[in-house]
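Okay, so here's the structure we're looking at.
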Amino acid sequence: MKKQLVFATNNNHKLEEVREILGDAFRILSLKDIGCTEEIPETADTLEGNALLKARYVKTNYRLDCFSDDTGLEVTALNNAPGVYSARYAGEAKDSKANRQKVLRELEGKKDYSARFRTVIALVTDGQERLFEGIVNGCLVREERGTAGFGYDPIFVPEGFGETFAEMGTVLKNTISHRANAINKLKLFLDENDPV
């Protein structure tokens, strides 16, 4: 019998990525799969806070073990912005292209293009709350490159590589990304503790 967990997302890109990383040992359900159609508020001012808000919401309202993530792009020259506001950086429409363009506009005239992606996963099960963090360092490029991936992937080159996340494709990305690092920590915890 597969372990069942809700991943508090309706983002199909994230869902596919997480299902790929966790593999066959887990049955991962989305918010849509459990009939959760309401917009879960993300009102915290940290990645940790938002991830916990979403996972707690599902646990409280649907009585299902759940994990949730929040991810931010942290750009050194922009004082770690957009950070927790990454998805809505250019406005509430969550327009990825507009977000990328805004970041690149704000970097004009700056020499330091270093940045990092940081993912925090919150796991809420009976009596337990745990946080798992994944970070990948790298730098931004001035021109969008590649068609795979989503969000800021076309302008982010991870340390030690020459391609953006959007150029390298999902197989390689899913072995080195911030989300992969956090999900692998979650997987290790689930394998060792079997909380579901």
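Predicted model, so just to flag it, every value in this text is computed and none were measured.
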For Leu22 and Phe7, what are the C-alpha separation, side-chain angles and deciding distance, and is it a side-chain contact (heavy atoms from CB on, under 4.5 Å)?
CA-CA 12 Å; Leu22 282 179; Phe7 178 25; over 6 Å; no
Criterion salt bridge (Lys or Arg N to Asp or Glu O under 4.0 Å) on Glu167 and Lys173, from CA distance to verdict
CA-CA 9 Å; Glu167 289 176 301; Lys173 180 190 170 189; over 6 Å; no
Decide side-chain contact (heavy atoms from CB on, under 4.5 Å) for Val6 and Asp65; before the verdict, give the C-alpha distance in whole Å, the side-chain angles of both, and the deciding distance to 0.1 Å.
CA-CA 6 Å; Val6 177; Asp65 290 336; over 6 Å; no
Could you go through the side-chain contact (heavy atoms from CB on, under 4.5 Å) check for Leu140 and Val103 one step at a time?
CA-CA 9 Å; Leu140 300 183; Val103 164; 3.6 Å; yes
Criterion side-chain contact (heavy atoms from CB on, under 4.5 Å) on Leu53 and Thr43, from CA distance to verdict
CA-CA 8 Å; Leu53 279 175; Thr43 52; 3.6 Å; yes
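Inter-residue side-chain proximity for Arg88 and Asn99 is flagged as unmet; no heavy-atom pair is nearer than 4.5 Å. Residues Pro154 and Phe165 fail the side-chain proximity criterion, which asks for heavy atoms closer than 4.5 Å. Contact annotation: the side chain of Arg56 never approaches that of Ser68 to less than 4.5 Å [non-hydrogen atoms, C-beta and beyond]. At a threshold of 4.5 Å between non-hydrogen side-chain atoms, the residues Ile40 and Leu31 count as touching. Contact annotation: the side chain of Thr164 never approaches that of Phe156 to less than 4.5 Å [non-hydrogen atoms, C-beta and beyond]. The side-chain heavy atoms of Val18 and Arg179, taken from C-beta on, include a pair separated by under 4.5 Å. Counting heavy atoms from C-beta on, the side chains of Gln101 and Arg105 come closer than 4.5 Å. In this structure, Leu47 and Arg118 have side chains that are in contact, with non-hydrogen atoms separated by less than 4.5 Å.
To the nearest 0.5 Å, atom CD of residue Glu192 and atom NZ of residue Lys187 are 10.5 Å apart. Atoms CG and OH, from Leu78 and Tyr113 in turn, are 9.5 Å apart once rounded to the nearest 0.5 Å. Between the CD atom of Glu16 and the CD1 atom of Ile21 there is a distance of 11.5 Å, given to the nearest 0.5 Å. Once rounded to the nearest 0.5 Å, the distance linking SG of Cys66 with CG of Asn61 reads 11.0 Å. With rounding to the nearest 0.5 Å, the separation of CG in Leu15 from CD1 in Ile28 is 8.5 Å. For the atom pair Leu190 CG and Leu123 CG, the distance stands at 6.0 Å (nearest 0.5 Å).
Across Ile176 and Asn181, no two heavy atoms sit closer than the pair O-ND2, 3.9 Å. Nearest approach of Gly134 to Ala182, heavy atoms of both residues: N-CB, 3.6 Å. Contact record, Asn174 with Glu20: ND2-OE1, 3.0 Å, taken as the closest heavy-atom pair. Of all heavy-atom pairs between Val75 and Leu107, the closest is CG1-CD2, 4.0 Å. Listed here is the closest heavy atom pair of Ile135 and Arg116: CD1-NH1, 3.4 Å. Considering all non-hydrogen atoms of both residues, Asn11 and His13 come closest at OD1-N, 2.9 Å.
Val136 is connected to Ile155 through a chain of hydrophobic side-chain contacts under 4.5 Å among Ile, Leu, Val, Met, Phe, Trp and Tyr, so both are in one cluster. Two different hydrophobic clusters hold Leu5 and Tyr57 under the rule that ILVMFWY side chains link at heavy-atom gaps under 4.5 Å. In this structure, Leu52 is a member of the same hydrophobic cluster as Tyr85, with clusters built from ILVMFWY side-chain heavy atoms closer than 4.5 Å. Taken together through direct or relayed side-chain contacts under 4.5 Å among Ile, Leu, Val, Met, Phe, Trp and Tyr, Leu29 and Tyr62 form part of one hydrophobic cluster. Linking ILVMFWY side-chain heavy atoms closer than 4.5 Å, directly or via other members, places Phe132 and Val124 in two distinct hydrophobic clusters.
No more than 12 heavy-atom neighbours from other residues, nucleotides or ligands sit within 6.0 angstrom of CD on Glu143.
With respect to the salt-bridge test (charged N to carboxylate O, under 4.0 angstrom), the residues Lys97 and Glu144 qualify. Contact check on Arg142 versus Glu108 returns no salt bridge, with no Lys/Arg side-chain nitrogen under 4.0 Å from an Asp/Glu carboxylate oxygen.
By the side chain to side chain donor-acceptor pair (under 3.5 Å) test, Thr119 is found to be paired with Thr71, residues two or more places apart in sequence or in another chain being considered. Here Glu163 pairs with nothing under the side chain to side chain donor-acceptor pair (under 3.5 Å) rule; sequence neighbours left out.
In this structure, Lys102 forms a cation-pi arrangement with Tyr89, its terminal cationic atom sitting closer than 6.0 Å to the ring centre and no more than 45° off the ring axis.
Asn137 and Glu159 share no donor-acceptor pair across their side chains, judged by distance under 3.5 Å alone. A donor-acceptor pair shorter than 3.5 Å can be found between the side chains of Ser114 and Asp112.
In this structure, Phe117 and His178 have parallel ring planes: the angle between them is below the 30° cut-off, well short of the 60° mark.
With hydrogens and angles ignored, the 3.5 Å screen pairs a side-chain donor or acceptor of Asn50 with a backbone N or O of Ala44. Without hydrogens or angle criteria, Lys14 side chain to Thr9 main chain gives no donor-acceptor distance under 3.5 Å. Without hydrogens or angle criteria, Asp191 side chain to Leu188 main chain gives no donor-acceptor distance under 3.5 Å.
Of the residues listed (Val58, Ile183, Thr125), the one engaging Phe67 in a side chain to side chain contact (heavy atoms under 4.5 Å, CB included) is Ile183, and it is the only one.
Residues in residues 25-35 take part in these side chain to side chain donor-acceptor pair (under 3.5 Å) pairs, two or more places apart or across chains: Gln4-Arg27, Arg19-Asp33, Ser30-Asp33.
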